[in-house]
Amino acid sequence: MAKNKVLAKEFFFGDVKEVAPSLLGKQLCVRDDQGRVQKAIITETEAYDGEDDLACHASKGKTPRTSIMYEVGGICYVYLCYGMHWMFNLVTGPIGYPSAVLIRGCKGISGPGRLTRNLGITGQMNGMSLGMDSGIWVEETEVNPGEIFTGPRIGVEYAGPIWANKPYRFWFSNS
DNA sequence: CATTCGATCGGG
DNA sequence: CCGATCGAATGA
């Protein structure tokens, strides 16, 4: 069987609102410390887009926690939520513009917290560059997402109606 | 230093 | 609906 192509970092340099849906059907790969690789097809993503986006952590400006989002696309942003769940994001866009894609669900796994638990993703991945050498990367697949649906993001009511209702969540029917 | 509150999940 | 659980952000 042919080896899947690993996404180049350039894939993440563009606008998060385009990168987020284009990750659907791609495969998230994580290698654990035993050298074993787990792979999961991405089925649901959300876009967090710049300081103006009140649901984006960077809306409060650049802080030690959010500074990673200001880096160039193609690196990991991982943080602890509700004191018990690791959220896994991929930074997008050019350096200086804070944006990232939250990987919300993969095939057979619903929920961003369960996703990271299943794949063994923790805060030590924060700031890591994507690639086979770092142990976390994204591959092309044969999956054709088909029709892509959009809707409001989950759990961001605090951001107010304008931003909470933006169609920044993406998923597809085969999931 | 104290308090608030989450990009959630699982149980009742 | 509600509790668990903790670090980042905010304010005194």
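Each chain gets a letter, A, B and so on, in the order the sequences are listed, and its residues count up from 1. Nothing here was measured: the structure is a model prediction, and the numbers come from that model. What's counted below: heavy atoms across the whole structure, side chains too, no hydrogens, waters or symmetry copies.
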Contact class for [X] (heavy atom, under 4.0 Å): base, sugar-phosphate, or nothing?
X      : result
A:R117 : sugar-phosphate
A:R65  : sugar-phosphate
A:M84  : base

Practice task
Report yes or no: do A:F11 and A:M128 belong to one cluster of Ile/Leu/Val/Met/Phe/Trp/Tyr joined by side chain heavy-atom distances under 4.5 Å?
Solution key: yes

Practice task
Identify whether A:W137 and A:W86 are in the same connected component of the hydrophobic contact network (ILVMFWY, side-chain heavy atoms under 4.5 Å).
Solution key: no

Starting at atom [atom1] of [X], determine the distance to atom [atom2] of [N], rounded to an integer number of angstrom.
X      : N     : atom1 : atom2 : value
A:E44  : B:dT8 : CD    : C1'   : 13 Å
A:I121 : B:dA7 : CD1   : P     : 18 Å
A:K62  : C:dA9 : NZ    : C1'   : 18 Å
A:H85  : B:dT8 : NE2   : P     : 9 Å
A:K60  : B:dC5 : NZ    : C1'   : 9 Å
A:M87  : C:dG7 : CE    : C1'   : 14 Å
A:N118 : B:dT8 : CG    : P     : 16 Å
A:L115 : B:dC9 : CG    : C1'   : 14 Å

Practice task
From the options B:dT8, B:dG6, B:dG10, select the nucleotide whose nearest atom is closest to the side chain of A:P112.
Solution key: B:dT8

Handout entry: Closest nucleotide among C:dA4, C:dC6, B:dA7 to the A:L80 side chain
Key = C:dC6

Practice task
Would you kindly say whether A:S99 and A:K17 are connected by a side-chain donor-acceptor distance under 3.5 Å?
Solution key: no

Problem - Check: B:dA7 base within 3.5 Å donor-acceptor of A:H57 side chain - result: yes

Practice task
Taking only the side-chain nitrogens and oxygens of A:R169, find out if one of them lies under 4.0 Å from OP1 or OP2 of B:dA7.
Solution key: no

Practice task
Tell me whether the OP1 or OP2 atom of C:dG3 has a side-chain N or O from A:Y82 closer than 4.0 Å.
Solution key: no

Handout entry: salt_bridge(A:E46, A:R104) N-O dist < 4.0 Å
Key = yes

Practice task
Kindly say whether the aromatic ring centers of A:Y77 and A:Y79 come within a distance under 6.0 Å.
Solution key: yes

Fill in the blank from the handout: The Watson-Crick or G-U wobble partner of C:dG7, with both key distances under 3.5 Å, is B:dC5

Handout entry: Pairwise P distance, B:dG12 and C:dT5 [rounded to whole Å]
Key = 15 Å

